[in-house]
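Below, read A as the first sequence line, B as the second, and so on, with proteins coming before strands; counting in each chain starts at 1.
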Amino acid sequence: MSKSARFGCLCCTYDYETPKTLVIQSTKIGCMFRLVQFVVLLYVVGYVCVVRKAYQERDSVISSVTTKVKGFAYTNTSYMEPRLWDVADYVIPPQGENSFYVLTNVIMTPKQTQSRCPELPSPSTTCVDNHNCFEGHNDPRGSGIQTGLCVNYSATVQTCEVLSWCPLEEHTKLPKPALLNAAADFTVLIKNSITYPKFKVNRRSILPHINSSYLKKCEFNRSTDPYCPIFRLKNIASEAGEDFQDMAVKGGILGIFIDWSCDLDWGAHRCFPKYSFRRLDSKNPVNNVAPGYNFRFAKYYQTPDGQESRTLIKAYGIRFDIIVFGTGGKFGIVPTIINLGAALTILGLAPKVCDWILLTCSSKKDLYKKNKITHLNDDDTESVSMETTYGTQ
Amino acid sequence: MSKSARFGCLCCTYDYETPKTLVIQSTKIGCMFRLVQFVVLLYVVGYVCVVRKAYQERDSVISSVTTKVKGFAYTNTSYMEPRLWDVADYVIPPQGENSFYVLTNVIMTPKQTQSRCPELPSPSTTCVDNHNCFEGHNDPRGSGIQTGLCVNYSATVQTCEVLSWCPLEEHTKLPKPALLNAAADFTVLIKNSITYPKFKVNRRSILPHINSSYLKKCEFNRSTDPYCPIFRLKNIASEAGEDFQDMAVKGGILGIFIDWSCDLDWGAHRCFPKYSFRRLDSKNPVNNVAPGYNFRFAKYYQTPDGQESRTLIKAYGIRFDIIVFGTGGKFGIVPTIINLGAALTILGLAPKVCDWILLTCSSKKDLYKKNKITHLNDDDTESVSMETTYGTQ
Amino acid sequence: MSKSARFGCLCCTYDYETPKTLVIQSTKIGCMFRLVQFVVLLYVVGYVCVVRKAYQERDSVISSVTTKVKGFAYTNTSYMEPRLWDVADYVIPPQGENSFYVLTNVIMTPKQTQSRCPELPSPSTTCVDNHNCFEGHNDPRGSGIQTGLCVNYSATVQTCEVLSWCPLEEHTKLPKPALLNAAADFTVLIKNSITYPKFKVNRRSILPHINSSYLKKCEFNRSTDPYCPIFRLKNIASEAGEDFQDMAVKGGILGIFIDWSCDLDWGAHRCFPKYSFRRLDSKNPVNNVAPGYNFRFAKYYQTPDGQESRTLIKAYGIRFDIIVFGTGGKFGIVPTIINLGAALTILGLAPKVCDWILLTCSSKKDLYKKNKITHLNDDDTESVSMETTYGTQ
């Protein structure tokens, strides 16, 4: 009675309950036991703590990027007057947020005005007479609104006339090599400022130990200058396994990956950016519509008589996306406890394993069983209670 | 003595310590015990592993996006000369990073020059004579710097004269339907390239099995073409539960969400984008200043005599934000161990529960107690030690 | 035999195995035991649950931002004709995605054309006669392609002539105070729309309880209006610990951090943005190339005779990066179980600790040991088995 009562409210009494144990002095079993424990410990200490740093809390980086491209190119080709290109000409838009674009090849259509002109020849636009053209017809694949007239495109070909920005952009073949292949030697300065908000850690890609005189002359090189934030465009391309000259013709997208993964237990000053490069657009001709990278924009002018005209520019070029990522890790009590707990549980399996081996495989299993296990059979209570009373009364 | 010593340095000896146990052959209790175990196992296997994939390590996606809009619109309205709009006219800026903007409605103020003109009439700007205007006064709600003169705005109204870009932009009511409501039929190609850096997995929204002939004609459709990266603007709007024509008038922001959540245990090739759409700006008129979406920009011209003039454009339009997110999961040893550990611990509670029931609720509790528990009382050591010597000597 | 068999397939029978335990009625040990348990519980409940909310699943925010700057500035300086600057003039580009840029200082080089002009004087460009200049020579540090002629830069200095955009941009000293220091009083409205995809939670920086009349007149103030999304630029600077007027001269980058960290168990309506501000670019003159923030762009004109001319603008200004971050937490069954499991494991260490103290440090250790531990020695099985048979037969 009193006992049951005491047990019932065990929590409030000061009894201390501890399991009865049997100590077996057997080198064989002992060794096995220690071995199992050792393996688990090895995993915990070696793998979880050292390799995976599972005791750390993690936070992902937030970043801000600015870029500054330097260099100019001089073009002197048959189809365009001699021209010097500087930053204001080839960086479009003048500033991006996490990317910058360098114009490398261009198809210009100057002096466009809102007027009428013959469509570019194609099966759907060639015509014999006005009956082939429909006034107001708007062909998505065409260049404008048809006026219903059939006019001479050239001496031999007739096409429907359209209302549009005329003259139309010709489907001329791209200059090859690219017009601005000199862009390969342009350099870009990438300033990257990051934060790990959870750990209140701020870092810059221009590291504290770097002085401005070094920055003025350095250039990124994986082996010699891994922390110089100034990159030569052709090197970025080659690091990404591409040939700049090839890319320049049709354009493309290069990813500049900055990895800020850090073990902040060693202090933020040990946290350095790791740069890597990869081409982001698909070169594969099979599943590729509009390969390369290009977009159209226009410079708008006004003729003295107030009429608007524009120069349409189909700009082929390389867009450089600066992709900043990484996770910072710092010792945290919660993940530590969690991993410790998990490990100890696994550790707690060791005896179970040994017991099982002990009581099934070992030669002396019956002896062990006799000492370890007491059997109590509900059905023949007498004998059992009898047997056990000895044990405890 | 020797025992105590041995126990003290248990770790270094090869003793194996195992708890003495009592086996109760009782179907009732046995069943209960198994039941509890079963429930826990069910949770672990069924929920944690199958449903939540808690055995996986996670990494969040990093992405790069490019867009290409196609289509043109022809406008022929009373207040503007007939005009054809193509990509270079209505996509501003020509390229964004994770978004693109399509102009749908516009208020143009052409031929603005730095000069003097009467303020727009408002309680604070109307005047009777020069005494109501103050030279150099700069009213934040006004349009420029007052010159101190009171001039005729119209036959009936006088307002203060200001130095500004004149003529001023009139607060005209917006064209309705929108000027470029034809934009509804424009299409956009979205190229998205993603990376899971931790797992070294790269994917593109243009999936490998898609060939370019399909891409040339396909159009996104949740049911028939869920992986075609070409979208018709009005469909995006309707998928987001909006009416494109309505949005076009005052502009707005539509989110194109690309979910790359993947179970990478099945291999990256099983990883597909899931598209969803939602309007991001508030339509709610109550807590809404400047509803819709618009911004001002200008085209700058130079008159032959070198004077600068501009066309101010208040551009209403729809900004499409491409928001890429998702977490990739792949089997990881650490999370597995952690969840296993946690599960085993919960499993370890089963006996405690059963014991408690056994020793409090069961009919034979006293019998069980006698066999399971030995009491040792510090105060009357004799009796106890006596009682227990039997047990072990 | 039967026993061993039964044990072997314990899982399939309905035996219930429970450890034999020894209850020690000792206040001292009992107290100690409870104390250890209490400490662990305190950690679990107090720290893990209340402080760290470790029972929550986490998701990180995805966001979309729009900005609208308001205000204008009037400049009347010696080196530039009187001019009024409005949004279309000083916000470049007219719309950003997660940032906006306000022009504050400028170096203009108007009427540039592709032509020939003398280089700016520098050790590498000054010359005595044509022999110092090399036709076609392209000096990266120069401004163009040398023509091979040595011409007068000024009455006293001769430099090599270059093909470039002429006249060249002079290295004039920056206007100080900044041209547009009036920008300090510009205001910006930041609309931010966020999503926690895992929890299907959407929020806006314009909170539901805010009405438009309040928005029309409110201005962010950490103490009085912490949720007003309209900011005065100079306040942003001062909150970041910077002086706007200083920054305006050479430009810079200010981060507007919006923290959406929320405990979503209380419902999304309790989730508010927290604004903070920090300068992102380095002021440190030591490790700083190109301090401040500026970029070049050009406005292109066409002279009546069709020749292209441009106004080159070196734009110094402040870029405001809106950086949205935060993690939402919501009760999750998996993290709960994991933490519970870990805690219980630690709790399970309490007895081990007590046992160790009990059996090594306590005065009655031998007595306890006799009752708790049975020794079984493989070597002299007889005696032991003898000793233990009593215990169980």
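- Neither the backbone nor the side chain of Lys70(A) comes within contact range of chain C, judged by heavy atoms closer than 4.5 Å.
- Heavy atoms of Val61(A) lying under 4.5 Å from chain C are absent altogether.
- Arg279(C) contributes atom CZ, which lies 14.0 Å from atom CG of Asn202(A) (distance to the nearest 0.5 angstrom).
- Contacts of Thr21(A) with chain C are made by both backbone and side-chain atoms, with heavy-atom separations under 4.5 Å.
- Heavy-atom minimum distance, Leu312(C) versus Ala88(A): CD1-CB, 3.7 Å.
- Contact of Ser63(A) with chain C is made through the backbone alone, with heavy-atom distances under 4.5 Å.
- By number of non-hydrogen pairs under 4.5 angstrom with chain A, the leading residue of Asn294(C), Val324(C), Asp259(C) is Asn294(C).
- With chain A as the partner, the residue from Phe257(C), Phe295(C), Tyr101(C) showing the most heavy-atom pairs under 4.5 Å is Phe295(C).
- Residue Arg204(A) touches chain C through its side chain alone, counting heavy-atom pairs closer than 4.5 Å.
- Ranked by non-hydrogen atom pairs under 4.5 Å with chain C, the options Thr195(A), Val91(A), Val87(A) are led by Thr195(A).
- Between Leu163(C) and Tyr74(A), the closest side-chain pair of non-hydrogen atoms falls below 4.5 Å.
- For the set Leu344(C), Ile313(C), Asn339(C), the entry with the most heavy-atom pairs within less than 4.5 Å of chain A is Asn339(C).
- When each of Ile333(A), Thr187(A), Val69(A) is checked for heavy-atom pairs under 4.5 Å with chain C, Ile333(A) comes out on top.
- Using a 4.5 Å cut-off on side-chain heavy atoms (C-beta onward), Glu308(C) and Thr311(A) make no contact.
- Counting all heavy atoms, side chain and backbone alike, Ser193(A) lies closest to Arg278(C) at OG-NH2, 4.2 Å.
- For the residue pair Tyr300(C) and Tyr301(A), the shortest heavy atom distance occurs at O-CE2, 3.6 Å.
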Evaluate Thr327(C) against Lys198(A) for side chain to side chain contact (heavy atoms under 4.5 Å, CB included), listing each step before the verdict. CA-CA 10 Å; Thr327(C) 56; Lys198(A) 199 192 278 180; over 6 Å; no
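- Each of Asp89(A), Leu340(A), Thr345(A), Asp59(A) has some count of heavy-atom pairs under 4.5 Å with chain C, and the biggest count is that of Asp89(A).
- Interface remark: Ile323(C) contributes side-chain atoms only to the contact with chain A (heavy atom separation under 4.5 Å).
- Side-chain contact between Glu97(A) and Glu97(C) is present, with heavy atoms from C-beta onward closer than 4.5 Å.
- Both the backbone and the side chain of Pro19(A) come within less than 4.5 Å of a heavy atom of chain C.
- Contact between Trp165(C) and Leu84(A) at its shortest, heavy atoms only, is NE1-O, 3.3 Å.
- For CZ of Phe38(C), the number of neighbouring non-hydrogen atoms (other residues, nucleotides, ligands) closer than 6.0 Å is 12 at most.
- Most heavy-atom pairs under 4.5 Å with chain C: of the set Ser60(A), Pro197(A), Pro110(A), Gly71(A), this distinction falls to Pro197(A).
- Within the 4.5 angstrom heavy-atom criterion, no atom of Ile92(A) approaches chain C.
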Check against side chain to side chain contact (heavy atoms under 4.5 Å, CB included), Phe72(A) and Asn138(C): CA-CA 9 Å; Phe72(A) 53 81; Asn138(C) 174 341; 3.4 Å; yes
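- Taking each heavy atom of Thr66(A) and Tyr293(C) in turn, the nearest pair found is CG2-CE1, 3.8 Å.
- Minimum interatomic distance between Ala54(C) and Val334(A) (heavy atoms only, all atoms of both residues): CB-CG1, 4.0 Å.
- At a 4.5 Å heavy-atom cutoff, Ser276(C) makes no contact with chain A through either its backbone or its side chain.
- Per-residue counts of heavy-atom pairs under 4.5 Å with chain A were compared for Lys314(C), Lys299(C), Arg296(C), Gln302(C); the largest is that of Gln302(C).
- Residue contact with chain C, scored on non-hydrogen atoms closer than 4.5 Å, involves the side chain of Ile62(A) exclusively.
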